[in-house]
Amino acid sequence: MTTRSCPCGLPGAYGDCCGRYHSGTAAAPTAEALMRSRYCAFVKGDAGYLLRTWHPRTRPATLELDPRMRWTGLEILDTSDGSAFHSAGTVEFRASYRGGSLHERSRFERVDGAWVYVHGEFLP
């Protein structure tokens with residue numbers, strides 16, 4: 001039996017990596033882990049997880065994902081704070097998709113102890 005690696009780019013299997021965050025059996029312990037799990041949710045088309053992990057202050061009412069979008073890779077470029085000892089953090093990343101890439105610096109905060117996405121700034 002072959003176990004697929006997690007789309008977030010870490011070496012573990014999806015179920016042992018981001019899948020446990022998506023299913024709710026674990027919470028992302030760092031801003032980077034949440035960012036990776038959110039990228040993975042885009043890959044999997046899991047809009048529910050994306051909404052659940054979005055800060056209530058900035059979360060849209062609905063989120064429609066393009067089923068034709070094909071994400072092909074994630075590269076973490078920089079992180080600032082966002083550990084178990086912080087209440088906020090940023091993650092700069094490049095997410096590749098068929099036909100291009102997206103470069104973003106995302107801001108995360110803790111709400112009731114859980115990391116959530118606040119907003120992102122697109123970079124050149």
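FYI, the numbering just counts along the sequence from 1.
Hydrophobic clustering (ILVMFWY, side-chain heavy atoms < 4.5 Å, transitive): Leu123 and Trp71 are in distinct clusters. Following chains of ILVMFWY side-chain contacts shorter than 4.5 Å, one can reach Leu65 starting from Leu34, so the two form part of one hydrophobic cluster. The same ILVMFWY cluster, assembled from side-chain heavy atoms under 4.5 Å apart, contains both Tyr21 and Trp54. Criterion: ILVMFWY side-chain heavy atoms under 4.5 Å apart, direct or through other members. Under it, Leu102 and Tyr39 are part of a common hydrophobic cluster. Clustering ILVMFWY residues whenever any of their side-chain heavy atoms sit less than 4.5 angstrom apart, transitively, puts Phe122 in a cluster other than the one holding Leu77.
Remark: His22 NE2 to Thr53 OG1 distance equals 8.0 Å, nearest 0.5 Å. With values rounded to the nearest 0.5 angstrom, Leu74 atom CG is found 10.5 Å from Arg94 atom CZ. Remark: Lys44 NZ to Leu50 CG distance equals 13.5 Å, nearest 0.5 Å. Separating the NE2 atom in His119 from the CZ atom in Arg105 is a distance of 11.0 Å, to the nearest 0.5 Å. Note that the SG atom of Cys6 and the OH atom of Tyr14 stand 7.5 Å from one another [nearest 0.5 Å].
Hydrophobic cluster of Val111: the remaining members, joined at side-chain heavy-atom separations below 4.5 Å, are Val116, listed by chain and number.
No hydrogens or angles considered: a donor-acceptor pair under 3.5 Å links the side chains of Ser106 and Glu104. Side-chain atoms of Tyr49 and Ser37 form a donor-acceptor pair, as typed in the model, at a separation below 3.5 Å. Side chains of Thr58 and His55: a donor-acceptor N/O pair is absent below 3.5 angstrom, by distance only. Neither side chain, Thr72 nor Arg98, offers a donor N or O lying under 3.5 Å from an acceptor on the other.
Applying the side chain to side chain donor-acceptor pair (under 3.5 Å) criterion to Asp78, with sequence neighbours excluded, gives no partner residue.
Comment: Glu92 does not engage Arg107 in a salt bridge, judged by the lack of any side-chain N to carboxylate O separation of less than 4.0 angstrom. Salt bridge Asp66/Arg68: present, at least one basic N to carboxylate O contact under 4.0 Å.
At a threshold of 4.5 Å between non-hydrogen side-chain atoms, the residues Thr30 and Met35 do not count as touching. Taking 4.5 Å as the limit, every side-chain heavy atom of Asp46 sits out of range of all side-chain heavy atoms of Cys40. By the 4.5 Å heavy-atom criterion applied to side chains, Cys18 and Pro7 are not counted as neighbours.
The two residues Val118 and Glu109 come nearest to each other via the heavy atoms CG2-CG, 3.6 Å.
No cation-pi contact links Arg70 to Tyr97, judged by a cut-off of 6.0 Å to the six-membered ring centre and 45° from its axis.
Ring centroid separation for the pair Phe93 and His103 does not come in under the 6.0 Å cut-off. Annotation: Trp115 is not in aromatic contact with Phe108 [ring centroid separation under 6.0 Å not met].
Here the side chain of Arg52 pairs a donor or acceptor atom with the backbone of Gly48 at under 3.5 angstrom. Judged by distance alone, the side chain of Ser80 and the main-chain N or O of Gly89 form no donor-acceptor pair under 3.5 Å.
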